[in-house]
Amino acid sequence: MSLQIPHRGKTNGVSPSTKAVILVGGSSRGTRFRPLSLDVPKPLFDVAGHPIIWHCLTAIDKVPTIQDVYVIGYYEESVFRDFIKDASTEFPNLSIKYLREYQALGTAGGLYHFRDAILKGSPQHIFVLNSDVCCSFPLNEMLKMFREKDAEAVILGTRVSEEAASNFGCIVSDPHTRRVLHYVEKPESYISNLINCGVYLFSSDALFPSIRSAMKRRADRPARLYSYPSSDNLENSFIQTNDDDESRSNDGVIRLEQDILSDMADNKTFFVYETKDFWRQIKTAGSAVPANALYLQKAWQNNSEELAKPSANIIPPVFIHPTAHVDPTAKLGPNVSIGPRATVGAGVRIKESIVLEDAEIKHDACVLYSIIGWNSRVGAWARVEGTPVPVTSHQTSIIKNGVKVQAITILGKECGVGDEVRVQNCVCLPFKELKRDVANEVIM
Ligand code: GTP
């Protein structure tokens, strides 16, 4: 008989009882992340110097009982290959695998489809993380609550303003016990300002039977149009079903938010762990700027060695990739990330922005509240700027002259801004040359 030694070094002989799943969606999702998602899948977009899903893995790596991580989506396998190879070296305690759905199955449908892989080794608990959120992922605290309450499910929640709440899944909970009493996804009227952060911990025994019951309920319903309101892609949110039960339960998208959570509130021991730390969604391309700021601030609080040392011209937190070249007279920060091989000329000012790989900012240019795309060029004395929005507003658009515009200016891949040109609150698609001043426009 061979003795099985846990692969995980940190477990000190305790067998890994927890697994983690990161939901990444697919190429038909993340449309609000355009034009940036035209060139890089949203989960691999760099914020604070690392791909969005790297931040999820960093949090998962801090849970001693997790060894297996599944990245589930319907992107082609090749999309995550290099990332997973690099991440496996960087997180040697984790075994990371990409599982590809044959089509979009929904946030619960993908989990169910891969249940055999997930349940292999009989894990007791499963973390599920949406990849499109930015937070400190307090997974150990959620696990602690799960054990203390002898729960079947724990959801991460945060408080937002009453006006913002109806854009999210809303949780009504018992203020003393923290038990979830009621869950409604994007309610039409106000029920609570405690919202779903898109991070869950389920007991294996509760999760899959709940999905199975939801599938059964779906199959038992008469054939009709199912509507899932998703601002991401309205055309794709109507799924025509037919009379064939088999194909209905197989093809119908099953979503945790709409199909599972409210039922769990009624039937399961379901609790909410309320985080007081930062949380933001990463939906629109502009939302990468506040996410970048929040992760940089966290890294700064943790004295991360990766950040640039503060100086007269570096206002922390600032991340500068080791291969980037920043002139010592350029003033950067706060909340700035400079990507690989980017060049920043003399006298440049950059604040609250992301400058991506191979971009060039010429001397005396100014970049504020903006994202400068891969290989883009900003001319000398040019000004590329967005408008600040309070982090608490959970918005990346503003009203200017009665028109809704993007608060963050975004230059897609290989754009050019001429010398002395001013670009304000614009989204610029890849390969565009801006030779005159523009404001409040989408440049196609
Ligand atoms: P809204 O927030 O309602 O506008 O919808 P959304 O499409 O922007 O996000 P949703 O809540 O549907 O997705 C949450 C997370 O799950 C994101 O990280 C998505 O990439 C991911 N996701 C969404 N649908 C699927 C799916 O069919 N399969 C997989 N594997 N992941 C998905």
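For ligands, and for the atoms within them, numbers begin at 1 and follow the listed sequence.
Taking every heavy atom of Arg32 and a limit of under 4.0 angstrom, the matching atoms of ligand 1 come to 1 (P), 4 (O), 8 (O). Within the listing of ligand 1, atoms 26 (C), 27 (O), 28 (N) sit less than 4.0 angstrom from a heavy atom of Tyr74. Interface of Leu105 with ligand 1, defined as ligand atoms under 4.0 Å from a residue heavy atom, comprises 27 (O). Near Glu257, meaning under 4.0 Å from any of its heavy atoms, are these atoms of ligand 1: 11 (O). Using a 4.0 Å cut-off to heavy atoms of Ala104, the atoms of ligand 1 that qualify are 27 (O). Within ligand 1, the atoms closer than 4.0 Å to a non-hydrogen atom of Glu101 are 26 (C), 27 (O), 28 (N), 29 (C), 30 (N), numbered from 1 in the order shown.
A heavy-atom distance below 4.5 Å is found between the side chains of Pro35 and Ile410.
For the 3.5 Å distance criterion, the side chains of Glu257 and Thr107 qualify, holding a donor opposite an acceptor.
We find the CH2-OG distance between Trp54 and Ser131 to be 16.0 Å, quoted to the nearest 0.5 Å. Atoms OH and CG, from Tyr70 and Leu23 in turn, are 14.0 Å apart once rounded to the nearest 0.5 Å. To the nearest 0.5 Å, atoms CZ (Phe114) and CZ (Arg100) are separated by 9.5 Å.
Geometrically, ligand 1 and Arg255 share a nitrogen or oxygen pair separated by less than 3.5 Å.
Under 4.0 Å from ligand 1, the heavy atoms of Val24 that appear belong solely to its backbone.
For Gly73, the closest heavy-atom approach to ligand 1 falls below 4.0 Å. The closest approach between any non-hydrogen atom of Glu185 and ligand 1 is not below 4.0 Å. Distances shorter than 4.0 angstrom do not occur between any heavy atom of Lys42 and any atom of ligand 1.
Considering His55, Glu90, Glu306 in turn, Glu306 is the only one that fulfils the side-chain hydrogen bond (donor to acceptor under 3.5 Å, both in side chains) rule with His50.
Note: Phe168 and His394 have perpendicular aromatic rings, judged against thresholds of 30 and 60 degrees for the angle between ring planes.
Counting non-hydrogen atoms of other residues, nucleotides and ligands closer than 6.0 Å to CD of Glu433 gives a total above 12.
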